[in-house]
Amino acid sequence: MLEINYIKANREEVLKGLKKRNLSTEVLGYVDKIIMLDGKRRALIGKIEESKSEVNRLSKEIGELFRTGQAKTTESAEKAIAGKEMVTELKRMITGYEKKLSKIETSIQNHLYELPNVPNSLVPSGAGEDDNEVFKKVSGELPTPGGDGLPHWELGIKYKLFDFKLGTKITGSGFPVFTAKGAALQRALISFFLDKAIKAGYTEIIPPLLVNEATARGTGQLPDKEGQMYHAEKDNFYLIPTAEVPITNIYRDDIVNAAEMPIKMVGYTPCFRREAGSYGSDVKGLNRVHQFDKVEIVQIANPDNSYDQLTEMLSHVEGLLNDLNLPYRILRLCGGDLGFTSALTYDFEVWSAAQKKWLEVSSVSNFETFQSNRMKIRYREGTEKPRLVHTLNGSALALPRIMAAMLELNQTSEGIRVPEVLVPYTSFDLIQ
RNA sequence: GGUGAGGUGGGUGAGUGGCUGAAACCACCGGUUUGCUAAACCGGCGUACGUGGAAACGCGUACCGCGGGUUCGAAUCCCGCCCUCACCGCCA
């Protein structure tokens, strides 16, 4: 959620930035609407507080009359009664103002919820994913798969690594069951990613996988993206779509010390996504599933250097992909494809050698104060007033598509080779 | 699932319906004293919104789990909700 004061002070920039997102003129109009409503809001608050101040003054006066016993004399008694009547009248007026105020505030709030984050100046304009800027690409030819060049879902069957039919039996489609060396490989990747993050200074977190409404609201899954999450209705808990949700919320309503920043956290969790309404070859195999594993890195950063931290996170993710020898490219998302809450996002895609297409495996973003404003995560520099922190996060990495690309690329006529860095974790180097 | 207790500032913890934004202590920050450290002493020490100011800061309003009610006036009384803790039962 954008800050009203920011919108007011930077109206032109906000409008210019938001235009990159291809918003309707109606939504763009919210900017001025919010500024207008905020003016009305202030005027009303002024009136209300003036009246309340008068009520407090009168109440004190009446109290004084009673306390000192003066109210027993006729003159003072009349004064007290007159005071009471005035307070009653004032309160009636206040109630009226407050009703108006609450309507205006709700309206401001609703409009603010509709406004996405202002894209960073680096964000290219564009309508959708075809307009994303290729920020970094592999040098040379894209590798071709060895062996029979099977897609990963066939490799999964051939080597008994994962089983979709079994998942359907137990739960439903999109819930793969990993078995034997497939399971071991999965576990190896998780441990490898975690260890790398810990070495890079991240603190490991194992958060709850179910979160309450306040938490889901904090990172912006609620109110609009309700359909994305599984909901345990009886207890009103949501299954997390990403570890970002519980981990970022650790600091909800907190004021952290500037010296503690950047706060770097990493968490492995399963992620649950309902992803209603997607069909076709994009969802085949591990390309898109309802439950998947992911290692997520989260940072709470000082606004002064949050973009340095973003760069640091990019290199971290690059390091992982290099270690696994997977060909990848980095996209800088354009305004049309940029997530609602993000100011700048880089997507990492790995090459699926058998499917001959790019698969998104990581999304690294700086949300600036968009999330922290909603969650009220602030920091204090010395004795200064608290200011909102910047929040950042990135996948490091999402497992299924890494698994897919890795299996396809490393297949040979003898079997599937395990990347060297994973062998200490798997204790086998070939899947036969 | 059953029963009981309780939710006050960073922490512990007082608080009679008006003098309580809230005692006291601890922590923290600044200072004085002091061979050094420590101790002692003095002072400061919440947040949000509104308003004035270049700023320092001043003024106003709100906040003692959340929401509502009673009252001229509520941390204090009443109602609803949420949460926490303890014990019992069940259980990985």
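Chain A is the first sequence line, chain B the second, and so forth, proteins listed ahead of strands; every chain is numbered from 1.
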Expressed as a whole number of Å, how far does the P atom of B:rU3 sit from that of B:rA92? 25 Å
Measuring from the side chain of A:R42 (C-beta onward, heavy atoms only), which nucleotide among B:rG18, B:rU51, B:rA48 has the closest atom? B:rU51
Touch class at under 4.0 angstrom, heavy-atom based, for A:I45 against every strand present: sugar-phosphate
If you measure from the P atom in B:rA74 to the same atom in B:rC81, how many Å do you get, rounded? 24 Å
Between the protein and nucleotides 61-71 of chain B, list every N/O to N/O distance that falls short of 3.5 Å.
{"unit_1": "B:rU61", "atom_1": "OP1", "unit_2": "A:N56", "atom_2": "ND2", "d": "3.1"}

Using the six-membered ring wherever Trp is involved, compare the ring planes of A:Y202 and A:H316 and label them parallel, tilted or perpendicular (cut-offs 30° and 60°). tilted
Residue closer to the 5' end of RNA chain B, A:K385 versus A:V55 (nearest nucleotide): A:K385
Given a 3.5 Å cut-off on both pairing distances, which stems involving RNA chain B, each at least three consecutive Watson-Crick or G-U pairs, are present, if any? B:1-7 with B:82-88, B:10-12 with B:24-26, B:28-32 with B:40-44, B:46-52 with B:57-63, B:65-69 with B:77-81
Side chain to side chain donor-acceptor pair (under 3.5 Å) filter on A:E89, not counting sequence neighbours, yields A:R92
With ring-ring contact (aromatic ring centres under 6.0 Å, His included) as the rule and sequence neighbours excluded, what pairs involving residues 206-253 of chain A come up? A:H231-A:Y238
Side chain to side chain donor-acceptor pair (under 3.5 Å) against A:K8, all qualifying residues, sequence neighbours excluded: A:D38
Looking at residues at least two apart in the chain, or sitting in another chain, which of them share a side chain to side chain donor-acceptor pair (under 3.5 Å) with A:E61? A:R57
Relative to A:Y268, does A:K294 satisfy both conditions: NZ or CZ under 6.0 angstrom from the six-membered ring centre, and within 45 degrees of the ring's axis? no
Would you please classify the geometry between the A:Y328 ring and the A:F348 ring as parallel, tilted or perpendicular, with 30° and 60° separating the classes? tilted
